[in-house]
Amino acid sequence: MNAIRTTPPRPVDVTALFPQLAPLARTATRLHPRPGSPTVHDSSVGGPLLWPADEPWPYCDEPHDSRAAPVVHSPDDIRLLRRDRAAAAERLRHDPQAPEWTPEELETWERFKVGRPWFDGPIPLLPVAQLYARDVPFPCPSGADLLQVLWCPFDHEMAHPRTALFWRSSATVTDVLEAPPEPPIIQSGYYLPEPCLFSPEQVTEFPNPSELSKELRDQLDDMSRWETIDPALYSAYADDPGELYLNNLCHAPGWKTGGWTRWSPTDPVDRPCPECGTEAVPLLTIASSEWDGGSGTWIAEEERMPQPPRPLGEPDGNFTKIDITGGNNLQLHVCPASPQHPHIELLQ
C-alpha cells in the first residue's frame, strides 16, 4: 500500500440539513492510486497480476478500427515518452531556464510521431487493476479473494476499452506467469495505465441528485435551506445551490469501489443483470482523474500543499495516466446475487 491519504471532512453535515438523506448513506472505498512499484501480491492499477502460469492469457479476437487512431504506438513507446516528459518536468522545476527538450528527447518525439504499423491480429488484454479483498472491500463470489480487471486497449461499441473481469482465490496460484504478452499496438496512450499502488480509505456517499425524489431535489435547490451554514461554503453556488451537494457532498470523485453511481452526462438508467435481472451495484470506478475544478474539497489532506509541476499536457490528479473520452469515468457494475454473472460497463 501507498502512504495514507485522508479525505477532509465534508464542508457541512448534509444529513443535519436534509435528514431524509441519512438512510440513503452508503460506504465507498476511495482507492487513491498513486505511482509506485507494485508486485503481483499488491492491490494496484497497471501492475503485474497474480496470473497462473498454466492459464492462457486473454486476447481480444474482435476486429479493431484502424480509422479510430491515425497513429498507433506500442506500450513501450508510451512508457518511453512518459519518462522523457517526466524528466523534462523535473528539469524545468530545478531550472526554469533549462531547455524544454533535450536532443535525445526530441529524437524520441520524432519517432513517436511516426508511430507503428497497424496490426490486424488478436490483441492481448492489458492489466488495468488488481484488488485483493484483504485490502479493499468489494462483492466477491464465494471462495474468491482476488479481482483482476483487464481491457482491450481499443474502442469497441462505445468510445472506451472493453473490460474483462477475472475472480480467483489467491491461495491457489502457486506458479505465476512471469512475462504476460503485451499488445503490439494500442489505440491511445490514455489506455495504458501507469503502475500505481492504493491507499484505501472508506468514505460516506449519498445518491446523485437525479436519483432523489422530486421533493428532496427541490429542497436541495432551495437557497433558504442552506442559510444556516457559513455563506462562504455556498456563495459560489448561489444560482444553483444543488451544485454544492453534487460536487462536494454526495459522492467522491476518483477511483473507488462501492458507493453510489456517479451520473453525468446521462440520467440514471436501470442496470439489470444480463443473466438474472437483479439490479447491479457499483463494483469499481475507473476514473480519469482524482479530482477536478469542481471537486477540490475531496483532495486528500496530505496533498493540499503545492505539488510539483505535472508533465506537459497532463491534468492535475491524473496519476494513473488513464483518460476515458476526455475526462469521464468507466463504472463497472456487478450482480449482487452472483458477481460472476456478466458485468455492466457504464460510461459517465
Side-chain angles (χ1 to χ4, degrees), residues 33 45-47 49 57-82 112-130 147-166 180-196 253-256 261-267 269 271 274 280 282-290 292 313-315 317-334 342-348:
V45 170
L49 303 183
W57 189 261
Y59 283 71
C60 178
D61 295 319
E62 295 195 6
H64 302 100
D65 187 0
S66 61
R67 298 167 298 178
V71 180
V72 292
H73 305 96
S74 72
D76 280 342
D77 293 338
I78 304 298
R79 295 181 183 113
L80 177 57
L81 185 65
R82 286 178 181 174
F112 190 83
K113 288 191 294 184
V114 175
R116 298 279 177 170
W118 182 256
F119 177 78
D120 276 321
I123 295 290
L125 301 192
L126 276 173
V128 177
Q130 176 167 267
L147 167 63
Q148 294 168 330
V149 182
L150 298 88
W151 68 20
C152 173
F154 287 84
D155 294 342
H156 285 267
E157 294 89 349
M158 301 294 289
H160 60 74
R162 175 181 293 168
T163 55
L165 307 186
F166 296 85
E182 283 201 325
I185 57 172
I186 60 178
Q187 178 175 315
S188 168
Y190 291 128
Y191 293 168
L192 178 67
E194 185 74 6
C196 290
W255 284 67
K256 63 184 178 181
T261 303
R262 187 180 181 91
W263 297 103
S264 176
T266 72
D267 292 330
V269 296
R271 288 141 288 154
L283 170 66
L284 174 67
T285 297
I286 300 172
S288 295
S289 181
E290 289 298 285
D292 58 27
E314 193 173 297
N318 183 257
F319 300 100
T320 67
K321 305 289 197 300
I322 288 175
D323 190 289
I324 308 291
T325 63
N328 287 310
N329 299 324
L330 184 59
Q331 300 174 87
L332 308 184
H333 290 64
V334 293
H343 68 289
I344 296 171
E345 297 174 339
L346 187 66
L347 180 66
Q348 295 291 329

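Closest of all the heavy-atom pairs between Pro193 and Val45 is CB-CG1, 3.8 Å. In plain terms, the two heavy atoms of His160 and Tyr191 that are nearest each other are CA-OH, 4.0 Å. Of all heavy-atom pairs spanning Pro183 and Leu126, the tightest one is CD-CD2, 3.7 Å. Nearest heavy atoms, Pro274 versus Ile344: CD-CG1, 4.2 Å. When all heavy atoms are compared, the tightest approach of Asp76 to Glu182 is OD1-OE1, 4.5 Å. Residue Pro153 comes nearest to Ile123 through the heavy atom pair CD-CG2, 3.8 Å, listed as atom of the first residue, atom of the second, then distance.
Between atom CH2 of residue Trp255 and atom CD1 of residue Ile322 there is a gap of 4.0 Å, rounded to the nearest 0.5 Å. Put simply, CG on Asp77 and CD1 on Ile185 are 11.0 Å apart, with the number rounded to the nearest 0.5 Å. Annotation: the span from Leu80 atom CG to Ser74 atom OG amounts to 9.0 Å, rounded to 0.5 Å. Note that CZ of Arg162 is 14.0 Å distant from CG of Leu150, once rounded to the nearest 0.5 Å. Of the inter-residue distances, the one linking Met158 atom CE with Leu346 atom CG reads 9.0 Å to the nearest 0.5 angstrom. Atom NE2 of residue His343 and atom CZ of residue Arg271 lie 14.5 Å apart, to the nearest 0.5 angstrom.
Counted by atom type alone, Ser289 and Asp292 present zero donor-acceptor pairs between their side chains at under 3.5 Å. In this structure, a donor-acceptor pair under 3.5 Å is absent between the side chains of Thr261 and Gln331.
The backbone N or O of Leu125 lies less than 3.5 Å from a partner atom in the side chain of Trp57, making a donor-acceptor pair. In this structure, the side chain of Glu290 does not engage the main chain of Phe319 through any donor-acceptor pair within 3.5 Å. A donor-acceptor pair under 3.5 Å links the side-chain atoms of Gln348 to the main chain of Ser264, judged by distance alone. Not one N or O on the side chain of Thr285 forms a donor-acceptor pair closer than 3.5 Å with the backbone of Ala287.
Residues Gln130 and Leu147 fail the side-chain proximity criterion, which asks for heavy atoms closer than 4.5 Å. Residues Tyr59 and Pro181 meet the side-chain proximity criterion, which asks for heavy atoms closer than 4.5 Å. Annotation: side chain of Glu62 is not in contact with side chain of Cys152 (no heavy-atom distance under 4.5 Å). Counting only heavy atoms from C-beta outward, the side chains of Trp151 and Leu330 approach each other to under 4.5 Å. At least one side-chain heavy atom of Leu283 sits less than 4.5 Å from a side-chain heavy atom of Leu165. In this structure, Val71 and Phe112 have side chains that are not in contact, with every pair of non-hydrogen atoms separated by 4.5 Å or more.
Using cut-offs of 30° and 60° on the angle between ring planes, the pair Phe154 and His64 is tilted.
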Q. For Gln187 and Val72, what are the C-alpha separation, side-chain angles and deciding distance, and is it a side-chain contact (heavy atoms from CB on, under 4.5 Å)?
A. CA-CA 6 Å; Gln187 178 175 315; Val72 292; 5.6 Å; no

(Q) Could you go through Ile186 and Ile78, starting from their C-alpha distance and side-chain angles, then the distance that decides it, and tell me whether this counts as side-chain contact (heavy atoms from CB on, under 4.5 Å)? (A) CA-CA 9 Å; Ile186 60 178; Ile78 304 298; 4.0 Å; yes

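Considering Ile324, Thr266, Asn329 as possible partners of Leu347, the one that fulfils the side-chain contact (heavy atoms from CB on, under 4.5 Å) test is Ile324.
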